[in-house]
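First the proteins, then the strands, lettered A, B, ... as listed; each starts at 1. Just so you know, these numbers use all the heavy atoms, side chains as well, and skip hydrogens, waters and symmetry mates.
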There are 2 protein chains.
Amino acid sequence: MVSRNGCVRLFFGGDRPGERSLPRGRRTARPSGDDRELAILATAERLLTEKPLSAISVDDLARGAGISRPTFYFYFASKDAVLLTLLDRVVAEADAATLDASLLPAAGPREGWRRTITTYYETFRAHRALTLAWAEARSSSAEIRELWARVSGDWARRCAVAIEAERARGAAPPGPPALDLAILLTSMNERALYATFSGDGPAVDEAGVVEVLLEVWLRTIYGVSPAD
Amino acid sequence: MVSRNGCVRLFFGGDRPGERSLPRGRRTARPSGDDRELAILATAERLLTEKPLSAISVDDLARGAGISRPTFYFYFASKDAVLLTLLDRVVAEADAATLDASLLPAAGPREGWRRTITTYYETFRAHRALTLAWAEARSSSAEIRELWARVSGDWARRCAVAIEAERARGAAPPGPPALDLAILLTSMNERALYATFSGDGPAVDEAGVVEVLLEVWLRTIYGVSPAD
DNA sequence: GACGCTATCGACGGACTGTCGAACGAGTCA
DNA sequence: TGACTCGTTCGACAGTCCGTCGATAGCGTC
């Protein structure tokens, strides 16, 4: 009796929403394992829009998917594993969106950076509940922490490359190491978007947050600081 | 049988470390309630340097303080209440440090903002374990979330006032609402320091983080962004 | 010396977790 | 046809943690 995990993640890694394989007409008496899996994932995403991750038990997920608690463990090793699978999907989506955005030609730096920030913003806004759960689970699950570290590390490295390019072509002045700046700016985006989505703590309102973020990015990358 | 909480928080609010009242020589047979309280708090702070908040049980705290688990509940309503008490102390310390820093005259803007950021940084660095626990508990406890919201809100408002003053005296150019900028910059500091302290995810190293943060603040407050 | 306040703990009930082992249905192969 | 496997399911168990109730014990005090 081996858990199906791992396979699940690979499955979703290569999957695009709405592209499920065929068994549309014929049906076996019992729903298939894949249906169960999807039911668990759907239940998780639905419940997360209603209450925080910590208030959702394995039993909730199992009942929501129409199975018993032990059966849940046949599909996923834990509640965190479900979240991880869900996040893999969002990450894939974000990567695709970033790629698309980077292919379009930009009118100028402001336009280019605005698109970069907007892409990031829209991707997570589209999965607001998941984003909040992600932040919550980062404390409790090492795997989720690692996934996050990888994603935000990639993101920061990509931005650093872009900053260096701007410096190389003379559009941006020299300054602190580009990677350090990129890390700080992406950290700011992460934290600011979390605050805006969750609504606790001081936050810039949802309508204006991208423009203000953009302004901070532009001033940081293209501006210079005064000498005392 | 009423829990002592609330009183506890007031007690610590007005307390400075090392200023305990007198019974140094004489001793009652049983350690007093205040001793127990302090023992619990000390145990919590010690254990937090060894493992994350989620890995510490009420039983751990009780045993560490030399009492049984039910007795723990005589002193604190929950594990989170202990953390809240600890955090109140750090917040008081941070407020005092900020006040001290704001009284010194600064040589110029760079020097002034550096001191502001350094104060914030040093205060939390001095209680690294607590800072990480704080972030962890923000998901699970509404009270801790509110304390955090209050503290970081105050902090952002104070910075906004300073930015407006710089604009008023002509040292800083106009730009987005000062409070929005202040919220983003303080969010950046918060997230960046957490990353630097915890070491997971991309982070600027501890030696350099204040200088790079400072550069982002200065460019954002005093710089201008290019038109496309 | 009876009363009340502070402090203490054993024991309980409840929520949740993760696992073990039995069982059941569907396909396959002798 | 029966036996054997494999994927799937769940009841039941053991374990951890939590928060509470009720009994009790010392200390001050009126």
For R63(A), does the CZ atom have more than 12 heavy-atom neighbours from other residues, nucleotides or ligands under 6.0 Å away?
no
Rounded to the Å, how far apart are [X] [atom1] and [N] [atom2]?
| X | N | atom1 | atom2 | value |
| --- | --- | --- | --- | --- |
| D34(A) | dT8(D) | CG | C1' | 13 Å |
| D35(A) | dG7(D) | CG | P | 17 Å |
| R63(A) | dT17(C) | CZ | C1' | 15 Å |
| I67(A) | dG11(D) | CD1 | C1' | 15 Å |
| F76(B) | dA7(C) | CZ | P | 13 Å |
| E37(A) | dG7(D) | CD | P | 14 Å |
| F74(A) | dG25(C) | CZ | C1' | 14 Å |
| L61(A) | dT17(C) | CG | C1' | 13 Å |

Residues which pass salt bridge (Lys or Arg N to Asp or Glu O under 4.0 Å) with E146(B), listed by chain and number, not counting sequence neighbours
none
Report each atom pair, protein N/O against N/O of nucleotides 12-18 of chain D, whose distance is under 3.5 angstrom.
{"residue": "dC18(D)", "atom": "OP1", "partner": "V58(B)", "partner atom": "N", "Å": "3.2"}
{"residue": "dC18(D)", "atom": "OP2", "partner": "V58(B)", "partner atom": "N", "Å": "3.2"}
{"residue": "dC18(D)", "atom": "N4", "partner": "R69(B)", "partner atom": "NH2", "Å": "3.3"}

Could you report the tightest heavy-atom contact between [X] and [Y], atom names first, then the distance?
| X | Y | value |
| --- | --- | --- |
| C159(A) | T186(A) | SG-CG2, 4.2 Å |
| A160(A) | L179(A) | CB-CA, 3.7 Å |
| F72(B) | A62(B) | CB-CB, 4.1 Å |

Given dG18(C), dT8(D), dT8(C), the nucleotide with the shortest approach to the side chain of T71(B):
dT8(C)
Using a strict 4.0 Å threshold on nitrogen-to-oxygen distance, state whether [X] and [Y] make a salt bridge.
| X | Y | result |
| --- | --- | --- |
| E215(B) | R114(B) | no |
| K51(B) | D60(B) | yes |
| K79(A) | D59(A) | no |

For the helix from dG1(C)-dC30(D) to dA30(C)-dT1(D), what angle separates the axis at the start from the axis at the finish, each from five pairs, in steps of 10°?
30°
Could you tell me how the ring of F124(A) sits relative to the ring of W134(A): parallel (under 30°), tilted (30 to 60°) or perpendicular (over 60°)?
tilted
